[in-house]
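First listed ligand is number 1; within each ligand, the first listed atom is number 1. Being a predicted model, the structure only gives us computed values, none of them experimental.
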Amino acid sequence: MQPVTKILTDIVSAAFEKCGYDGKLGAVTASDRLDLCQFQCNGAFTGAKQYKKAPFMIAEDVAAVLREEGIFSAAEVVKPGFLNLTLNDEYMLKIVKEIENDEFCGIPQAEKPQTIVIDYGGPNVAKPLHIGHLRSAIIGEALKRLARACGNTVYGDVHLGDWGLQIGLVIAELNERYPDWKCFEEGFDPEKDSVPELSPELLCEVYPFASKKSKENEDFKAKAHTATFELQSGRPGYIALWKEILRVSIADLKSNYSKLDVDFDYWYGESDADKYIPQLMKILEDKKLSYESNGALVVDVAEESDKAPMPPVIVRKSDNSSIYATTDLATIIQREKDFKPNKIWYVVDKRQELHFTQVFRCARRAELVPAETELEFLGFGTMNGKDGKPYKTRDGGVMRLSDLIETVTDASLERLASSAFVAEEDREDYARKLGMAAVKFGDLINHRSKDYIFDLDKFMSAEGKTGIYLLYTVSRINSIMKKAGDAKSELNGIYTEAERELMLKIIMTGNAFSYAMDEKAPNYVCENAYQLAVSFSKFYHENNIIGEQDEAKKASWLALAKLTRKVIVKHLDILGIDTVENM
Ligand code: ARG
């Protein structure tokens with residue numbers, strides 16, 4: 001289905017044409033004054049200049065045609081030339097029924113479906129997953145589901161940081177601790193020799209230790225750099241050890257992401273781009289883009305219109321190792337080869353914007369993708385603590401994602417302890433779902449580019465714009481349905497104002513989705529879900545659904561409640577939020 005304003009725009013445009021005016025004047029938008037009308041069209045003002053006629057007269061001509069359409073309860077002209085529109089109940093009901101029967105739940109489908117690669121998650125192997133990676137996972141997952149729900153083909157790629165200095169640090173440290181492991185010997189033979197199994201605990205402990213050590217000890221730092229370089233050059237013992245590090249690390253990452261209900265189609269890492277680096281270097285050289293500067297190989301990416309200095313991008317360091325930008329450029333070659341995407345979206349901390357500007361410009365100059373392929377950086381802000389500084393553990397350290405999940409689950413368990421609704425055996429599962437709903441909604445309700453304050457008490461509140469409020473609304477509808485048993489449910493009319501308001505919200509859902517998709521901003525989906533819940537609440541409080549004696553009315557109200565639930569659940573699903581039966 002198309003968004004309702006698009007359907008109305010087509011009708012109003014035809015009316016403009018019928019009166020001899022340009023159809024383009026017929027753009028319809030949602031009204032911001034619901035007390036006056038539901039929709040409006042301001043085309044008569046533009047028309048006035050074009051036709052040298054008072055806007056009022058143009059609007060009157062058009063309104064007269066629209067009144068004949070039989071879909072408006074009011075098509076009014078307000079001086080000096082506003083066209084205010086309100087749908088009649090019959091037409092509202094028709095659209096609501098269409099949404100009820102639509103397999104996409106009223107979400108507008110892309111006219112030209114696109115292939116989109118979303119690069120999100122971005123965890124680093126061997127380093128613990130910390131809360132900095134939480135936003136990328138939550139926002140990226142929501143964008144993936146949103147783009148898919150709009151009919152596009154979407155691939156989510158975790159883009160593991162599995163090839164950088166952190167691995168060299170871990171290798172160097174393990175070498176110092178366990179010098180007699182075979183993998184550190186020159187003659188290591190992967191056919192015959194093996195690497196000892198690493199424990200997740202050891203891996204967790206080694207990286208922070210080695211990272212600290214490298215800051216205090218120049219020798220050790222040099223060793224880690226050498227190890228990184230040798231790994232990247234394919235030293236067999238290091239490759240074998242690296243594979244073991246990957247095995248342990250990825251298992252841990254997968255378990256954390258599955259707790260978040262975040263799931264990737266591809267688990268590619270930076271290392272998978274490695275084989276495209278020679279091709280990248282050749283393209284840069286053939287196109288005469290790369291040149292030597294202080295021993296490194298760089299590409300200029302500055303443009304005349306730049307207001308701030310734009311440093312050249314380094315594609316190879318003086319020690320011959322390749323770096324972050326090189327990997328991202330090579331990954332673009334890989335994605336173009338594997339997916340031929342129309343768009344690649346990068347859901348990454350906004351502090352990396354300069355890096356991506358450099359990478360994209362270099363990719364354009366080198367023509368790594370066709371000119372029409374969109375490369376877009378979707379930067380996100382920081383999750384702060386109540387003190388306004390990046391969220392930390394009590395003792396000031398970086399919070400691990402697994403600890404955060406635990407904290408949140410514990411907080412919801414505490415709340416559930418007093419709930420009479422939730423059976424003992426469901427508590428764990430409920431606690432996880434409630435916790436995730438609180439955290440995800442608390443994040444996604446903010447425009448992704450903004451910083452926000454992580455306030456668990458606020459996020460867990462059953463009132464206001466929270467995930468809990470939405471789960472609560474769904475569970476309330478569940479209990480209405482349970483009470484209704486097999487009572488008839490069928491939309492057959494509009495009986496009260498609260499109902500009309502709720503239906504309008506349902507009708508406007510298509511608009512919210514197309515806006516969210518255009519802006520790549522899941523916060524519009526959150527906002528719309530919240531609006532639906534508020535309107536439902538009003539409808540529920542003003543009408544006694546279960547106790548209603550009029551059969552037809554009751555049937556219509558039950559159907560409306562059911563549809564509201566379906567639409568809200570769809571919103572939540574796109575946000576990556578699971579609902580619970582009862583709470
Ligand atoms: N691993 C990186 C980090 O932790 C994020 C990766 C983002 N994606 C990318 N294509 N560079 O900062």
Close aromatic pair by centroid cut-off 6.0 Å: [X] and [Y]:
X	Y	answer
Phe459	Phe441	no
Tyr268	His159	no
Phe377	His355	no

Show the atoms of ligand 1 that are less than 4.0 angstrom away from any heavy atom in [X].
X	result
Val348	7 (C), 8 (N)
His159	8 (N), 9 (C), 10 (N)
His133	4 (O)

- Min heavy-atom dist Tyr324 to ligand 1 below 4.0 Å: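 Within the 4.0 Å threshold, so yes.
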When you look for heavy atoms under 4.0 Å from ligand 1, do you find them on the side chain of [X], its backbone, both, or neither?
X	result
Asp328	side chain
Phe356	side chain
Asn124	side chain

- Which residue, Tyr120, Phe380, Phe360, forms the ring-ring contact (aromatic ring centres under 6.0 Å, His included) with Tyr346?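 Single pass found, and it is Phe360.
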- Picking from Leu280, Ile283, Leu284, what satisfies side chain to side chain contact (heavy atoms under 4.5 Å, CB included) with Ser290?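 Among Leu280, Ile283, Leu284, the one that satisfies the side chain to side chain contact (heavy atoms under 4.5 Å, CB included) with Ser290 is Leu284.
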Quick check against the 3.5 Å criterion: does [X] have a side-chain atom that pairs as donor or acceptor with the backbone of [Y]?
X	Y	answer
Asp455	Lys458	yes
Asn294	Ala296	no
Ser136	His133	no

Under 3.5 Å, N or O to N or O, is [X] touching ligand 1 that way?
X	value
Glu270	no
His355	no
Gly122	yes
Tyr346	no

- Could you tell me the residue and atom name of the protein heavy atom closest to atom 12 (O) of ligand 1, and the distance to it rounded to 0.1 Å?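 Among all protein heavy atoms, the one nearest atom 12 (O) of ligand 1 is Gln352 NE2, 2.9 Å.
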- Closest approach of any protein heavy atom to atom 8 (N) of ligand 1, naming residue and atom: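 For this ligand atom, the closest protein heavy atom is Asp119 OD1, 3.2 Å.
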- Message: Between the side chains of Arg148 and Asp573, is the shortest nitrogen-to-carboxylate-oxygen separation below 4.0 Å, so that they form an ion pair?
- Response: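 Looking at Arg148 together with Asp573, the answer is no, because their closest N to O distance does not fall below 4.0 Å.
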